[in-house]
Structure formats: C-alpha cells, structure tokens
Amino acid sequence: MIDGPPALPPRARIPLWALGAFGFVVALVLGIRYAGTSHLAGLDALVLPVVDRVEGPLWYLATAIDFAGEPIGAVVVIALFGWLCLRHRRPRIAILMVAASGVTVALTTGLKPLVGRLIHGEFLSYPSGHTAFAVTVATVVALLVIDVRGLGPVGGAWVLVGLVAFAGLAMGWAEVALGAHYPTDTFGGFGVAAAVVPVVGWAVDRLTSR
C-alpha cells in the first residue's frame, strides 16, 4: 500500500474519462480509415503541404521538440516530472507517469504494424508515438496541477484540455514539419494517449491501495 492522494484526483475523473473515450474513438476511426494506405487524403492533403519540411529556426525548434520524444529525451522528461510529483508528495501520480508512458509507447509501437500505414513508401507511421508520449506526459502533469491546486471540475477541465492541446499540437506540428508523420498520425497518437491514461491511472490506484 502506498500513502498519499490517488493517481486520478476525484475532481478530474469525469473530464479525464470523457477525454479518454473521445480519444479512443478518434484513434479507432482514423486507424480503420487509413489502415494499409500510403498516400495523402482528406485532412492530410490540406494540412501537410502547409506544414511539411520547415527550414531555418523553425527546423531547430521542431528538432528540439522532437527530441523530447526520443529515448534519451523521454527519460529526461519522465525523470523531471516524476521528481516533481514526488516533491509534491504525489507518489501515485509519479507511478502513473512512468506506467502510462510505458504503456503508451508499447501500444503505439505495436499498433503500427497492425494498421500498416506507410509514409515515404517504407516507414510505418500510424499512430505517432512521439505525439502519444507528449500527450501522456501533459495529461499526467495536468492531474498533478489539478490535485495540488485543488481545482474544481470546471477549472480542472480547462487545465486538462489546455495542457493536452498544447502538448499534442506542439509535438504533432514538429513530427509533421520534420516529415516523420502525416497530420492524422498525430491525431491517432493523441487518441491512444488520451485513452491509456485513465485506464492506467485506475489500475495504479487499485494496485497501490492494497
């Protein structure tokens, strides 16, 4: 048994599970829609030409953001925010950070060959693991902020949506700008992460309360 507040603060559970259900639907629908494809269609055809292949300072910015989702960068990010959780005496949220990140990375890696979507003719692209990782971290950080600040349902929902949107858009832009993913791959990554965090959080609370 681990003392301290739960990984899923009661005030955040309704918006978190709602976001998770929405994310699951997004990931499932897009995965089915683009399974086995390797060409631009729909939203991708509109967005990709505008964002693809940035140069100059924007390329360096995109590369820096992308690094946060690489193995070394991800370890640094998890260690930093995990320490922040422990500093605020939220060990269950720290466990959630590590566990949800691991599940998200494993799930996005496993889904790629199942969906079979290719970019540049040979690289599996759906869903975006980098975007999923960024959204996972942002979601857990939002739970920490909600719990520490004692935010109500409305304020908590705004923090949750705001941090998730910021992280998802930033990493999604970087991945598309660097030519690593289609825009809809990043939406799929968001969906996977949004669906994973509440489930893993529920499991963490159950296991650590015994």
Side-chain angles (χ1 to χ4, degrees), residues 5-9 11-27 61-88 90 92-108 127-149 151 153-177 180-181 183-202 204:
L8 301 184
R11 293 179 296 273
R13 288 173 185 170
I14 292 178
L16 182 64
W17 281 104
L19 185 65
F22 174 70
F24 176 80
V25 172
V26 168
L61 176 60
T63 302
I65 295 172
D66 172 78
F67 176 74
E70 294 294 321
I72 295 177
V75 169
V76 172
V77 169
I78 291 174
L80 174 62
F81 286 111
W83 169 82
L84 193 62
C85 293
L86 294 176
R87 185 174 182 272
H88 286 283
R90 299 301 193 277
R92 288 192 176 98
I93 298 182
I95 294 172
L96 174 59
M97 175 72 72
V98 176
S101 297
V103 171
T104 298
V105 170
L107 193 55
T108 53
S128 167
H130 280 64
T131 307
F133 173 74
V135 170
T136 298
V137 172
T139 304
V140 178
V141 170
L143 295 179
L144 177 65
V145 172
I146 291 168
D147 198 27
V148 171
R149 302 285 294 180
L151 300 178
V154 176
W158 277 109
V159 168
L160 178 64
V161 173
L163 286 178
V164 166
F166 175 79
L169 288 172
M171 185 62 80
W173 167 79
E175 294 307 296
V176 175
H181 285 284
T184 46
D185 294 336
T186 68
F187 297 153
F190 149 77
V192 171
V196 162
V197 173
V199 176
V200 175
W202 172 84
V204 168

For residues 74-87, please give each side-chain donor-acceptor pair under 3.5 Å, one per line with the distance, not counting sequence neighbours.
none

When the side chains of residues 137-147 are checked against the rest of the protein, which donor-acceptor pairs come out under 3.5 Å, sequence neighbours left out?
unit_1: T139; atom_1: OG1; unit_2: V135; atom_2: O; d: 2.7
unit_1: D147; atom_1: OD2; unit_2: R90; atom_2: NE; d: 2.6

Side-chain donor-acceptor pairs under 3.5 Å in residues 94-107, sequence neighbours left out?
unit_1: S101; atom_1: OG; unit_2: M97; atom_2: O; d: 2.7
unit_1: T104; atom_1: OG1; unit_2: A100; atom_2: O; d: 2.8
unit_1: T104; atom_1: OG1; unit_2: T136; atom_2: OG1; d: 3.0

With a cut-off of 3.5 Å and sequence neighbours excluded, list every side-chain donor-acceptor pair involving residues 193-202.
none

Show me the donor-acceptor pairs within less than 3.5 Å that the side chains of residues 156-177 make with the rest of the protein, sequence neighbours left out.
none

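One distance of note links CZ of F22 with CZ of F190; it measures 5.5 Å at 0.5 Å rounding.
Residue pairs meeting the side chain to side chain donor-acceptor pair (under 3.5 Å) criterion with at least one member in residues 70-82, sequence neighbours excluded: E70-H130. Listed by first then second residue, pairs satisfying salt bridge (Lys or Arg N to Asp or Glu O under 4.0 Å) with a partner in residues 97-107 number zero, not counting sequence neighbours.
Closest heavy-atom contact between G189 and P127: N-CB, 3.6 Å. Nearest heavy atoms, L8 versus W17: CD1-NE1, 4.3 Å. Of all heavy-atom pairs between S128 and T108, the closest is O-CG2, 4.4 Å. The two residues G188 and A27 come nearest to each other via the heavy atoms O-CB, 3.9 Å.
With hydrogens and angles disregarded, no donor-acceptor distance shorter than 3.5 Å links the side chain of R92 to the backbone of V204.
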